[in-house]
Amino acid sequence: MPPRLYNTLTQRKEEIAPLVPGEVGMYVCGVTVYDLCHLGHARSLLVFEVLRRYLTFRGYRVRMVRNFTDVDDKIIRRAQETGTTWDAVANHYVREFQTDMARFELPPADVEPRATAHVPAMLALIERLLARGLAYVVDGDVYFRVRAYPGYGRLSQRSLDDLRAGARVEVDERKADPLDFALWKRAKPGEPAWESPWGPGRPGWHIECSAMAMHYLGESFDLHGAGEDLIFPHHENEIAQSEGATGKPFARLWVHNGFVRLQQEKMSKSVGNVFTIRDLLGKFSADALKLFLLGTHYRSPIDYAPEKVEEASRALDRIRLLAEAVEVLEEVPDEARPGGIASAVAAARAEYVAAMDDDLNTALALSAIFTLVRHLNAALDTLPERRLAGPAAAMALREGVAVVREQARILGLSLEGGVPAGAKAAAAAAVEALLREYCPASAPRITDLTGGVEALLARREQARGERDFATADAIRRRLNDAGIEVADRPQGSTWRFRRS
RNA sequence: GGCGGCGUAGCCAAGUGGCUAAGGCAGAGGUCUGCAAAACCUUUAUUCGGCGGUUCGAGUCCGCCCGCCGCCUCCA
(Lines give C-alpha, C1' and ligand atoms only; values in the text may rest on other atoms or scores of the structure.)
Protein backbone atom coordinates (compact mmCIF):
# COMPACT_ATOMS: atom_id res chain seq x y z
CA MET A 1 0.00 0.00 0.00
CA PRO A 2 1.36 3.44 -0.86
CA PRO A 3 2.00 6.08 1.79
CA ARG A 4 -0.95 8.24 2.75
CA LEU A 5 -1.00 11.95 3.45
CA TYR A 6 -3.66 14.30 4.74
CA ASN A 7 -4.96 16.41 1.89
CA THR A 8 -6.14 19.85 2.98
CA LEU A 9 -8.25 20.01 -0.16
CA THR A 10 -10.37 16.96 0.65
CA GLN A 11 -9.78 16.98 4.41
CA ARG A 12 -8.94 13.31 4.28
CA LYS A 13 -5.87 11.13 4.24
CA GLU A 14 -5.21 9.97 0.71
CA GLU A 15 -2.81 7.55 -0.86
CA ILE A 16 0.00 8.97 -2.91
CA ALA A 17 -1.06 8.38 -6.50
CA PRO A 18 1.42 10.15 -8.76
CA LEU A 19 0.38 11.30 -12.23
CA VAL A 20 3.40 9.49 -13.58
CA PRO A 21 3.67 6.22 -11.70
CA GLY A 22 6.74 6.11 -9.51
CA GLU A 23 7.54 9.81 -9.86
CA VAL A 24 6.43 12.54 -7.49
CA GLY A 25 6.56 16.21 -8.37
CA MET A 26 6.34 18.41 -5.32
CA TYR A 27 6.35 22.15 -4.93
CA VAL A 28 7.02 23.73 -1.57
CA CYS A 29 6.63 27.43 -0.87
CA GLY A 30 10.02 28.68 0.20
CA VAL A 31 10.96 31.87 1.96
CA THR A 32 10.75 35.54 1.16
CA VAL A 33 14.33 36.68 1.34
CA TYR A 34 14.20 39.80 3.46
CA ASP A 35 15.31 38.45 6.84
CA LEU A 36 16.82 35.44 8.61
CA CYS A 37 14.85 32.22 8.92
CA HIS A 38 13.30 31.35 12.25
CA LEU A 39 12.24 28.11 13.85
CA GLY A 40 8.88 28.18 12.10
CA HIS A 41 10.62 28.11 8.73
CA ALA A 42 12.91 25.39 10.00
CA ARG A 43 9.97 23.18 10.82
CA SER A 44 8.42 23.54 7.41
CA LEU A 45 11.72 23.09 5.61
CA LEU A 46 12.46 19.99 7.67
CA VAL A 47 9.03 18.42 7.30
CA PHE A 48 9.09 18.61 3.52
CA GLU A 49 12.67 17.41 3.34
CA VAL A 50 11.68 14.41 5.45
CA LEU A 51 8.75 13.83 3.12
CA ARG A 52 11.06 13.94 0.12
CA ARG A 53 13.48 11.49 1.73
CA TYR A 54 10.77 9.14 2.86
CA LEU A 55 9.13 9.01 -0.54
CA THR A 56 12.53 8.38 -2.07
CA PHE A 57 13.09 5.59 0.45
CA ARG A 58 9.73 4.13 -0.59
CA GLY A 59 10.94 3.96 -4.15
CA TYR A 60 9.58 7.12 -5.73
CA ARG A 61 11.67 9.41 -7.86
CA VAL A 62 10.98 12.77 -6.29
CA ARG A 63 11.46 16.17 -7.82
CA MET A 64 11.16 18.89 -5.21
CA VAL A 65 10.91 22.53 -6.24
CA ARG A 66 11.22 25.21 -3.59
CA ASN A 67 11.17 28.84 -4.58
CA PHE A 68 12.73 32.01 -3.29
CA THR A 69 10.42 35.00 -3.31
CA ASP A 70 12.97 37.62 -4.20
CA VAL A 71 10.84 40.64 -4.92
CA ASP A 72 8.03 41.92 -2.71
CA ASP A 73 6.99 44.79 -0.48
CA LYS A 74 9.03 43.67 2.51
CA ILE A 75 12.20 43.30 0.48
CA ILE A 76 11.72 46.73 -1.04
CA ARG A 77 11.08 48.24 2.36
CA ARG A 78 14.14 46.54 3.81
CA ALA A 79 16.25 47.96 1.00
CA GLN A 80 14.96 51.47 1.65
CA GLU A 81 15.59 51.15 5.37
CA THR A 82 19.15 49.99 4.90
CA GLY A 83 19.99 52.26 2.00
CA THR A 84 20.65 49.53 -0.50
CA THR A 85 18.87 47.97 -3.46
CA TRP A 86 16.13 45.37 -3.41
CA ASP A 87 18.23 42.83 -5.30
CA ALA A 88 21.15 43.30 -2.91
CA VAL A 89 18.79 42.50 -0.03
CA ALA A 90 17.46 39.44 -1.84
CA ASN A 91 20.90 38.14 -2.77
CA HIS A 92 22.14 38.68 0.75
CA TYR A 93 19.32 36.70 2.36
CA VAL A 94 19.49 33.91 -0.20
CA ARG A 95 23.07 33.41 0.92
CA GLU A 96 22.09 33.59 4.58
CA PHE A 97 19.41 31.01 3.93
CA GLN A 98 21.95 28.71 2.33
CA THR A 99 24.32 29.18 5.24
CA ASP A 100 21.57 28.30 7.70
CA MET A 101 20.48 25.26 5.73
CA ALA A 102 24.03 23.97 5.63
CA ARG A 103 24.32 24.31 9.39
CA PHE A 104 20.91 22.79 9.90
CA GLU A 105 22.11 19.97 7.67
CA LEU A 106 19.37 20.12 5.12
CA PRO A 107 20.29 19.76 1.45
CA PRO A 108 18.97 22.07 -1.25
CA ALA A 109 15.78 21.22 -3.13
CA ASP A 110 16.16 19.76 -6.61
CA VAL A 111 15.23 23.11 -8.12
CA GLU A 112 15.36 26.42 -6.25
CA PRO A 113 13.91 28.96 -8.64
CA ARG A 114 13.79 32.66 -7.96
CA ALA A 115 10.65 34.57 -8.78
CA THR A 116 12.41 37.34 -10.70
CA ALA A 117 13.92 34.82 -13.08
CA HIS A 118 10.45 33.73 -14.19
CA VAL A 119 8.65 36.95 -14.97
CA PRO A 120 7.95 35.96 -18.61
CA ALA A 121 6.17 32.80 -17.46
CA MET A 122 4.07 34.92 -15.09
CA LEU A 123 3.18 37.37 -17.85
CA ALA A 124 2.09 34.50 -20.06
CA LEU A 125 -0.13 33.15 -17.32
CA ILE A 126 -1.72 36.55 -16.72
CA GLU A 127 -2.39 36.88 -20.46
CA ARG A 128 -4.23 33.59 -20.41
CA LEU A 129 -6.37 34.74 -17.49
CA LEU A 130 -7.19 37.99 -19.28
CA ALA A 131 -8.10 36.06 -22.41
CA ARG A 132 -10.49 33.93 -20.41
CA GLY A 133 -12.13 36.88 -18.73
CA LEU A 134 -10.82 35.91 -15.29
CA ALA A 135 -8.67 39.01 -14.94
CA TYR A 136 -8.95 42.70 -15.70
CA VAL A 137 -6.62 45.63 -16.06
CA VAL A 138 -7.05 48.83 -14.09
CA ASP A 139 -4.57 51.57 -14.63
CA GLY A 140 -1.50 49.36 -15.06
CA ASP A 141 -2.57 46.89 -12.36
CA VAL A 142 -4.02 43.50 -13.20
CA TYR A 143 -6.46 41.81 -10.85
CA PHE A 144 -7.93 38.34 -10.68
CA ARG A 145 -11.72 38.36 -10.75
CA VAL A 146 -12.48 36.02 -7.87
CA ARG A 147 -16.24 35.82 -8.43
CA ALA A 148 -15.70 34.68 -12.00
CA TYR A 149 -13.94 31.55 -10.79
CA PRO A 150 -16.49 29.09 -9.40
CA GLY A 151 -14.25 26.91 -7.21
CA TYR A 152 -12.92 29.74 -5.08
CA GLY A 153 -12.79 28.85 -1.37
CA ARG A 154 -12.61 25.10 -1.83
CA LEU A 155 -9.19 24.68 -0.23
CA SER A 156 -9.85 26.83 2.82
CA GLN A 157 -13.49 25.74 3.20
CA ARG A 158 -14.79 29.23 2.92
CA SER A 159 -17.69 30.66 1.04
CA LEU A 160 -17.33 33.99 -0.69
CA ASP A 161 -19.94 35.44 1.63
CA ASP A 162 -17.98 34.33 4.69
CA LEU A 163 -15.02 36.14 3.32
CA ARG A 164 -16.88 39.30 2.63
CA ALA A 165 -18.41 39.27 6.10
CA GLY A 166 -15.04 38.91 7.74
CA ALA A 167 -13.11 41.15 5.42
CA ARG A 168 -10.81 43.43 7.32
CA VAL A 169 -8.79 44.30 4.29
CA GLU A 170 -8.53 47.91 3.44
CA VAL A 171 -10.51 48.18 0.28
CA ASP A 172 -8.78 49.30 -2.84
CA GLU A 173 -11.59 51.00 -4.68
CA ARG A 174 -10.02 50.33 -8.04
CA LYS A 175 -10.82 46.66 -7.60
CA ALA A 176 -14.14 45.53 -8.97
CA ASP A 177 -14.65 43.42 -5.87
CA PRO A 178 -12.85 43.56 -2.53
CA LEU A 179 -11.99 39.86 -2.85
CA ASP A 180 -10.05 40.34 -6.10
CA PHE A 181 -6.30 40.07 -5.75
CA ALA A 182 -3.39 41.51 -7.67
CA LEU A 183 -1.69 39.50 -10.41
CA TRP A 184 0.47 42.40 -11.49
CA LYS A 185 1.31 45.61 -9.69
CA ARG A 186 2.09 48.79 -11.55
CA ALA A 187 5.51 50.15 -10.61
CA LYS A 188 5.71 53.06 -8.26
CA PRO A 189 8.67 55.42 -8.59
CA GLY A 190 11.89 53.86 -7.34
CA GLU A 191 10.53 50.33 -7.27
CA PRO A 192 11.85 47.40 -9.27
CA ALA A 193 9.93 47.02 -12.51
CA TRP A 194 9.66 44.70 -15.47
CA GLU A 195 8.14 45.53 -18.83
CA SER A 196 4.68 44.17 -19.42
CA PRO A 197 1.80 44.68 -21.87
CA TRP A 198 0.19 46.83 -19.15
CA GLY A 199 3.22 48.95 -18.48
CA PRO A 200 6.16 48.56 -16.13
CA GLY A 201 5.42 46.72 -12.92
CA ARG A 202 6.10 43.68 -10.81
CA PRO A 203 4.31 40.42 -10.15
CA GLY A 204 1.85 39.90 -7.35
CA TRP A 205 2.88 37.37 -4.78
CA HIS A 206 0.67 34.46 -5.71
CA ILE A 207 1.36 34.33 -9.43
CA GLU A 208 5.03 33.40 -9.00
CA CYS A 209 4.26 30.07 -7.40
CA SER A 210 1.73 29.16 -10.06
CA ALA A 211 4.13 30.07 -12.85
CA MET A 212 7.17 28.32 -11.38
CA ALA A 213 5.31 25.21 -10.31
CA MET A 214 3.89 24.81 -13.80
CA HIS A 215 7.21 25.59 -15.42
CA TYR A 216 9.10 22.90 -13.51
CA LEU A 217 6.40 20.35 -12.77
CA GLY A 218 3.74 20.82 -15.42
CA GLU A 219 0.26 22.31 -15.34
CA SER A 220 -0.87 19.47 -13.10
CA PHE A 221 1.39 17.94 -10.53
CA ASP A 222 1.29 15.77 -7.46
CA LEU A 223 1.93 17.64 -4.26
CA HIS A 224 2.07 21.19 -2.99
CA GLY A 225 3.13 22.06 0.53
CA ALA A 226 3.85 24.86 2.99
CA GLY A 227 2.93 26.11 6.43
CA GLU A 228 -0.77 26.25 7.19
CA ASP A 229 -0.75 30.03 7.23
CA LEU A 230 -0.48 29.93 3.46
CA ILE A 231 -3.75 28.04 2.96
CA PHE A 232 -5.56 31.31 2.72
CA PRO A 233 -5.20 33.39 0.74
CA HIS A 234 -1.99 32.29 -0.94
CA HIS A 235 -2.82 28.73 -1.93
CA GLU A 236 -6.46 29.50 -2.55
CA ASN A 237 -5.32 32.15 -5.00
CA GLU A 238 -2.76 29.88 -6.60
CA ILE A 239 -5.44 27.33 -7.32
CA ALA A 240 -7.84 29.91 -8.70
CA GLN A 241 -5.36 31.51 -11.07
CA SER A 242 -3.75 28.24 -12.14
CA GLU A 243 -6.87 26.24 -12.77
CA GLY A 244 -8.54 29.34 -14.15
CA ALA A 245 -5.79 29.69 -16.73
CA THR A 246 -5.33 26.04 -17.69
CA GLY A 247 -8.72 24.51 -17.02
CA LYS A 248 -6.83 21.59 -15.49
CA PRO A 249 -6.42 20.50 -11.89
CA PHE A 250 -3.36 22.19 -10.38
CA ALA A 251 -1.81 20.29 -7.45
CA ARG A 252 -3.60 17.13 -6.37
CA LEU A 253 -2.40 16.84 -2.79
CA TRP A 254 -2.11 19.88 -0.54
CA VAL A 255 0.01 19.31 2.53
CA HIS A 256 0.31 21.91 5.30
CA ASN A 257 2.39 21.84 8.44
CA GLY A 258 1.33 23.35 11.77
CA PHE A 259 2.94 26.30 13.49
CA VAL A 260 5.73 26.61 15.92
CA ARG A 261 4.47 28.57 18.88
CA LEU A 262 6.00 30.31 21.81
CA GLN A 263 3.99 30.07 25.00
CA GLN A 264 0.86 29.10 23.13
CA GLU A 265 1.20 31.86 20.60
CA LYS A 266 2.19 31.59 16.96
CA MET A 267 5.85 32.37 16.32
CA SER A 268 6.00 34.95 13.59
CA LYS A 269 7.80 38.08 12.68
CA SER A 270 4.69 40.16 12.96
CA VAL A 271 4.22 39.03 16.57
CA GLY A 272 7.92 39.58 17.16
CA ASN A 273 8.48 36.37 19.11
CA VAL A 274 10.87 34.64 16.76
CA PHE A 275 13.95 32.57 17.40
CA THR A 276 16.21 32.45 14.38
CA ILE A 277 17.66 29.18 13.19
CA ARG A 278 21.05 30.75 13.51
CA ASP A 279 20.66 31.56 17.20
CA LEU A 280 19.23 28.14 17.97
CA LEU A 281 22.06 26.37 16.19
CA GLY A 282 24.48 28.22 18.41
CA LYS A 283 22.92 26.50 21.39
CA PHE A 284 21.73 23.18 20.05
CA SER A 285 22.93 20.67 17.52
CA ALA A 286 21.03 20.32 14.26
CA ASP A 287 20.06 16.79 15.28
CA ALA A 288 18.63 17.92 18.62
CA LEU A 289 16.54 20.60 16.97
CA LYS A 290 15.30 18.16 14.38
CA LEU A 291 14.41 15.54 16.94
CA PHE A 292 12.51 18.16 18.90
CA LEU A 293 10.58 19.20 15.82
CA LEU A 294 9.81 15.67 14.67
CA GLY A 295 8.63 14.50 18.07
CA THR A 296 5.29 16.13 17.32
CA HIS A 297 3.17 15.25 14.32
CA TYR A 298 3.74 17.75 11.53
CA ARG A 299 0.16 19.01 11.48
CA SER A 300 -0.04 19.77 15.19
CA PRO A 301 1.20 22.98 16.72
CA ILE A 302 4.44 22.68 18.63
CA ASP A 303 5.49 24.92 21.47
CA TYR A 304 9.11 25.93 21.53
CA ALA A 305 10.94 25.90 24.84
CA PRO A 306 14.70 25.45 25.26
CA GLU A 307 14.23 22.70 27.87
CA LYS A 308 12.38 20.65 25.31
CA VAL A 309 15.26 20.79 22.87
CA GLU A 310 17.60 19.78 25.69
CA GLU A 311 15.35 16.83 26.41
CA ALA A 312 15.43 15.88 22.77
CA SER A 313 19.19 16.12 22.90
CA ARG A 314 19.36 13.65 25.79
CA ALA A 315 17.02 11.33 23.94
CA LEU A 316 19.28 11.55 20.93
CA ASP A 317 22.17 10.32 23.06
CA ARG A 318 20.36 7.03 23.54
CA ILE A 319 20.58 6.45 19.82
CA ARG A 320 24.09 7.81 19.34
CA LEU A 321 25.58 5.87 22.22
CA LEU A 322 24.02 2.63 21.09
CA ALA A 323 25.40 3.17 17.59
CA GLU A 324 28.85 3.92 18.99
CA ALA A 325 28.78 0.95 21.31
CA VAL A 326 28.04 -1.40 18.44
CA GLU A 327 30.50 0.20 16.07
CA VAL A 328 33.42 -0.21 18.48
CA LEU A 329 32.51 -3.83 19.19
CA GLU A 330 35.50 -6.15 19.22
CA GLU A 331 35.01 -9.63 17.88
CA VAL A 332 36.04 -12.52 20.07
CA PRO A 333 35.56 -16.23 19.56
CA ASP A 334 32.16 -16.85 20.99
CA GLU A 335 29.30 -18.87 19.59
CA ALA A 336 26.68 -17.08 21.67
CA ARG A 337 24.13 -15.12 19.78
CA PRO A 338 21.74 -12.96 21.73
CA GLY A 339 18.22 -14.01 20.90
CA GLY A 340 15.52 -11.77 19.57
CA ILE A 341 17.61 -9.28 17.65
CA ALA A 342 16.34 -10.33 14.25
CA SER A 343 12.71 -10.16 15.30
CA ALA A 344 13.22 -6.79 17.01
CA VAL A 345 14.78 -5.44 13.82
CA ALA A 346 11.96 -6.79 11.69
CA ALA A 347 9.38 -5.31 14.03
CA ALA A 348 11.09 -1.93 14.00
CA ARG A 349 11.17 -1.92 10.20
CA ALA A 350 7.48 -2.71 9.96
CA GLU A 351 6.45 -0.21 12.62
CA TYR A 352 8.54 2.54 11.13
CA VAL A 353 7.13 2.13 7.65
CA ALA A 354 3.57 1.82 8.93
CA ALA A 355 4.01 5.02 10.94
CA MET A 356 5.58 7.03 8.14
CA ASP A 357 3.06 5.70 5.62
CA ASP A 358 0.29 7.00 7.81
CA ASP A 359 0.50 10.73 7.15
CA LEU A 360 4.19 10.96 7.94
CA ASN A 361 3.81 10.13 11.62
CA THR A 362 7.38 10.89 12.66
CA ALA A 363 6.56 10.76 16.37
CA LEU A 364 5.39 7.17 16.06
CA ALA A 365 8.30 6.33 13.76
CA LEU A 366 10.67 7.63 16.43
CA SER A 367 9.10 5.35 18.98
CA ALA A 368 9.90 2.42 16.70
CA ILE A 369 13.52 3.56 16.60
CA PHE A 370 13.73 3.93 20.38
CA THR A 371 12.18 0.54 20.94
CA LEU A 372 14.74 -1.05 18.66
CA VAL A 373 17.50 0.83 20.46
CA ARG A 374 16.29 -0.58 23.75
CA HIS A 375 16.27 -4.13 22.38
CA LEU A 376 19.77 -3.75 20.95
CA ASN A 377 21.05 -2.35 24.24
CA ALA A 378 19.50 -5.26 26.09
CA ALA A 379 21.27 -7.62 23.68
CA LEU A 380 24.56 -5.82 24.34
CA ASP A 381 23.99 -6.34 28.03
CA THR A 382 23.74 -10.10 27.59
CA LEU A 383 27.30 -10.17 26.23
CA PRO A 384 29.99 -11.18 28.71
CA GLU A 385 31.36 -7.68 28.24
CA ARG A 386 29.53 -4.86 26.53
CA ARG A 387 32.31 -4.36 24.00
CA LEU A 388 33.16 -7.95 23.17
CA ALA A 389 30.96 -10.05 20.92
CA GLY A 390 31.15 -13.24 18.94
CA PRO A 391 30.83 -13.01 15.14
CA ALA A 392 27.15 -13.93 15.02
CA ALA A 393 26.19 -11.49 17.76
CA ALA A 394 28.31 -8.73 16.25
CA MET A 395 26.74 -9.20 12.85
CA ALA A 396 23.20 -9.12 14.22
CA LEU A 397 23.92 -6.01 16.27
CA ARG A 398 25.56 -4.23 13.35
CA GLU A 399 22.59 -4.96 11.18
CA GLY A 400 20.32 -3.54 13.86
CA VAL A 401 22.34 -0.35 14.03
CA ALA A 402 22.35 -0.09 10.25
CA VAL A 403 18.55 -0.07 10.37
CA VAL A 404 18.56 2.55 13.12
CA ARG A 405 20.91 4.71 11.10
CA GLU A 406 18.86 4.44 7.96
CA GLN A 407 15.64 5.29 9.78
CA ALA A 408 17.31 8.23 11.48
CA ARG A 409 18.82 9.43 8.21
CA ILE A 410 15.38 9.66 6.61
CA LEU A 411 14.41 11.93 9.49
CA GLY A 412 17.43 14.08 8.72
CA LEU A 413 19.36 12.92 11.78
CA SER A 414 23.05 12.40 11.18
CA LEU A 415 23.80 10.92 14.64
CA GLU A 416 27.21 12.54 14.37
CA GLY A 417 28.94 15.23 16.36
CA GLY A 418 26.31 16.93 18.37
CA VAL A 419 28.45 19.60 19.97
CA PRO A 420 27.48 23.19 19.25
CA ALA A 421 30.38 25.41 18.26
CA GLY A 422 29.87 27.71 21.24
CA ALA A 423 30.31 24.84 23.69
CA LYS A 424 33.69 23.87 22.22
CA ALA A 425 35.09 27.35 22.49
CA ALA A 426 33.99 27.67 26.09
CA ALA A 427 35.51 24.29 26.94
CA ALA A 428 38.81 25.21 25.31
CA ALA A 429 39.13 28.34 27.43
CA ALA A 430 38.34 26.44 30.61
CA VAL A 431 40.81 23.68 29.79
CA GLU A 432 43.56 26.19 29.20
CA ALA A 433 43.01 27.63 32.67
CA LEU A 434 43.00 24.19 34.27
CA LEU A 435 46.22 23.27 32.52
CA ARG A 436 48.01 26.24 33.99
CA GLU A 437 46.78 25.22 37.41
CA TYR A 438 47.40 21.49 37.37
CA CYS A 439 50.13 21.03 34.76
CA PRO A 440 52.13 24.26 34.87
CA ALA A 441 55.21 22.57 33.44
CA SER A 442 53.62 21.34 30.23
CA ALA A 443 50.93 24.00 29.85
CA PRO A 444 52.88 26.30 27.53
CA ARG A 445 53.59 23.51 25.06
CA ILE A 446 49.99 22.41 24.70
CA THR A 447 47.84 24.46 22.40
CA ASP A 448 44.97 22.23 21.36
CA LEU A 449 41.94 21.19 23.35
CA THR A 450 42.46 17.47 22.95
CA GLY A 451 46.07 17.67 24.09
CA GLY A 452 45.01 19.76 27.05
CA VAL A 453 42.33 17.37 28.18
CA GLU A 454 44.65 14.42 27.80
CA ALA A 455 47.36 16.09 29.84
CA LEU A 456 44.84 16.78 32.57
CA LEU A 457 43.61 13.21 32.51
CA ALA A 458 47.19 11.95 32.78
CA ARG A 459 47.72 14.23 35.75
CA ARG A 460 44.51 12.89 37.26
CA GLU A 461 45.54 9.29 36.63
CA GLN A 462 48.75 10.00 38.53
CA ALA A 463 46.69 11.35 41.43
CA ARG A 464 44.44 8.33 41.38
CA GLY A 465 47.47 6.05 41.47
CA GLU A 466 48.63 7.89 44.55
CA ARG A 467 45.11 7.53 45.96
CA ASP A 468 44.91 11.31 46.01
CA PHE A 469 41.21 11.23 45.27
CA ALA A 470 40.69 14.83 46.30
CA THR A 471 42.82 16.07 43.39
CA ALA A 472 41.45 13.44 41.00
CA ASP A 473 37.89 14.35 41.82
CA ALA A 474 38.59 18.07 41.58
CA ILE A 475 39.97 17.71 38.06
CA ARG A 476 37.04 15.57 37.05
CA ARG A 477 34.53 17.97 38.51
CA ARG A 478 36.06 21.04 36.94
CA LEU A 479 36.33 19.40 33.54
CA ASN A 480 32.70 18.50 33.91
CA ASP A 481 31.88 22.11 34.73
CA ALA A 482 33.62 23.02 31.49
CA GLY A 483 31.31 20.71 29.55
CA ILE A 484 33.69 17.77 29.34
CA GLU A 485 32.52 14.50 30.80
CA VAL A 486 35.07 12.12 32.20
CA ALA A 487 34.27 8.43 32.51
CA ASP A 488 36.50 5.95 34.33
CA ARG A 489 36.42 2.62 32.55
CA PRO A 490 38.36 -0.55 33.09
CA GLN A 491 40.58 0.33 30.12
CA GLY A 492 41.26 3.82 31.44
CA SER A 493 39.53 7.17 31.57
CA THR A 494 37.79 8.59 28.56
CA TRP A 495 36.26 11.95 27.91
CA ARG A 496 33.81 13.60 25.61
CA PHE A 497 31.89 16.83 25.25
CA ARG A 498 28.63 16.95 27.00
CA ARG A 499 26.15 16.83 24.18
CA SER A 500 23.37 19.18 23.46
C1' G B 1 -19.27 36.54 13.41
C1' G B 2 -17.50 32.48 9.55
C1' C B 3 -14.11 28.32 8.91
C1' G B 4 -10.46 24.80 11.01
C1' G B 5 -7.99 22.48 15.09
C1' C B 6 -6.49 21.09 20.15
C1' G B 7 -7.33 19.34 25.56
C1' U B 8 -4.06 11.67 26.99
C1' A B 9 0.84 10.16 33.27
C1' G B 10 5.05 15.36 36.82
C1' C B 11 6.43 17.42 31.55
C1' C B 12 6.44 16.47 26.03
C1' A B 13 3.75 13.21 22.99
C1' A B 14 1.49 8.87 19.59
C1' G B 15 -2.92 6.58 19.41
C1' U B 16 -7.33 5.72 11.69
C1' G B 17 -14.23 1.56 17.81
C1' G B 18 -12.02 -4.12 20.15
C1' C B 19 -5.50 -8.02 22.68
C1' U B 20 -2.38 -5.59 28.81
C1' A B 21 -3.32 3.24 26.23
C1' A B 22 3.51 3.83 21.82
C1' G B 23 7.92 6.49 22.66
C1' G B 24 10.97 10.40 25.00
C1' C B 25 12.29 13.56 29.33
C1' A B 26 12.09 13.78 34.52
C1' G B 27 11.42 10.45 39.09
C1' A B 28 12.27 5.59 41.70
C1' G B 29 14.98 0.81 42.07
C1' G B 30 19.13 -2.11 40.19
C1' U B 31 24.09 -3.25 37.41
C1' C B 32 28.98 -1.03 36.99
C1' U B 33 32.60 2.20 40.06
C1' G B 34 37.80 4.07 45.04
C1' C B 35 33.62 7.48 45.06
C1' A B 36 31.16 9.51 41.16
C1' A B 37 29.41 10.68 36.50
C1' A B 38 27.89 8.60 32.20
C1' A B 39 25.81 4.35 30.24
C1' C B 40 22.52 0.18 30.41
C1' C B 41 18.25 -2.62 32.50
C1' U B 42 13.59 -2.51 35.25
C1' U B 43 9.64 0.52 36.79
C1' U B 44 5.95 4.79 36.48
C1' A B 45 -1.96 6.44 33.39
C1' U B 46 -8.23 0.77 36.08
C1' U B 47 -7.44 5.91 32.69
C1' C B 48 -7.73 9.72 28.23
C1' G B 49 -11.08 18.30 30.02
C1' G B 50 -16.60 17.72 31.96
C1' C B 51 -21.64 15.76 31.27
C1' G B 52 -24.89 12.92 28.35
C1' G B 53 -25.75 9.61 23.98
C1' U B 54 -24.85 5.70 19.94
C1' U B 55 -22.66 0.62 20.28
C1' C B 56 -21.91 -6.09 22.52
C1' G B 57 -17.65 -2.64 23.06
C1' A B 58 -15.33 4.56 22.72
C1' G B 59 -9.46 8.11 24.30
C1' U B 60 -11.23 6.96 19.30
C1' C B 61 -18.28 8.26 16.67
C1' C B 62 -22.56 12.07 17.97
C1' G B 63 -24.54 16.28 21.10
C1' C B 64 -23.91 19.99 24.77
C1' C B 65 -20.60 22.56 28.17
C1' C B 66 -15.62 24.37 29.92
C1' G B 67 -10.57 25.84 28.56
C1' C B 68 -6.85 26.93 24.66
C1' C B 69 -5.06 27.98 19.61
C1' G B 70 -5.00 29.16 14.33
C1' C B 71 -6.95 31.29 9.59
C1' C B 72 -10.35 35.13 7.75
C1' U B 73 -4.32 41.03 6.69
C1' C B 74 2.05 40.19 5.20
C1' C B 75 3.39 35.34 7.32
C1' A B 76 6.52 28.52 7.00
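Reminder, nothing fancy here: chain letters follow the sequence lines and each chain counts from 1.
Across rA21(B) and rG17(B), the matching C1' atoms stand 14 Å from one another, rounded to whole Å. Straight-line distance between the C1' atoms of rA36(B) and rU42(B): roughly 22 Å, to the nearest whole Å. When the P atom is used for both rC40(B) and rC19(B), the distance is 32 Å, rounded to whole Å. Across the P atoms, rG49(B) and rG7(B) are found 8 Å apart, a figure rounded to whole Å. Comparing the same atom, P, in rA26(B) and in rU20(B) gives a spacing of 30 Å after rounding to whole Å. Spacing between rC25(B) and rA14(B) at atom C1', rounded to whole Å, works out to 15 Å.
Contacts of Gly295(A) with the nucleic acid, taken as non-hydrogen atoms under 4.0 Å apart, involve only primed sugar atoms and P, OP1 or OP2. Residue-level contact check: Asp358(A) touches the bases, meaning some heavy atom is under 4.0 Å from a base atom. Within 4.0 Å (heavy atoms only), His256(A) reaches no atom of the nucleic acid at all. Among the heavy atoms of the strands lying under 4.0 Å from Leu230(A) are primed sugar atoms or P, OP1, OP2 only; no base atom is included. Gly258(A) comes within 4.0 angstrom of a nucleotide base, judged by non-hydrogen atoms across all strands. Residue contacts shown for Phe370(A) are limited to sugar-phosphate atoms, with no base heavy atom under 4.0 Å away.
Proximity of Lys308(A) to the phosphate of rA13(B): no side-chain N or O atom is located under 4.0 Å from OP1 or OP2.
By the neighbour-count criterion of 12 heavy atoms within 6.0 Å, atom CZ of Arg349(A) is sparsely surrounded, having that number or fewer from other residues, nucleotides or ligands. Other residues, nucleotides and ligands contribute over 12 non-hydrogen atoms within 6.0 Å of the CD atom of Glu81(A).
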Where protein sits on nucleotides 27-43 of chain B, one letter per nucleotide: B base, S sugar-phosphate only, - none, heavy atoms under 4.0 Å: -------BBBBSSSSS-
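The pairing partner recorded for rA39(B) is rU31(B), the criterion being a Watson-Crick or G-U wobble arrangement whose two distances lie under 3.5 angstrom.
No donor-acceptor pair under 3.5 Å is formed between the side chain of Arg78(A) and the backbone N or O of Asp35(A).
Ring geometry for Tyr27(A) versus His224(A): interplanar angle of 30 to 60°, hence tilted.
Within residues 41-51 of chain A, the residues approached by RNA chain B to less than 4.0 Å at the level of any non-hydrogen atom are His41(A), Ser44(A), in residue-number order.
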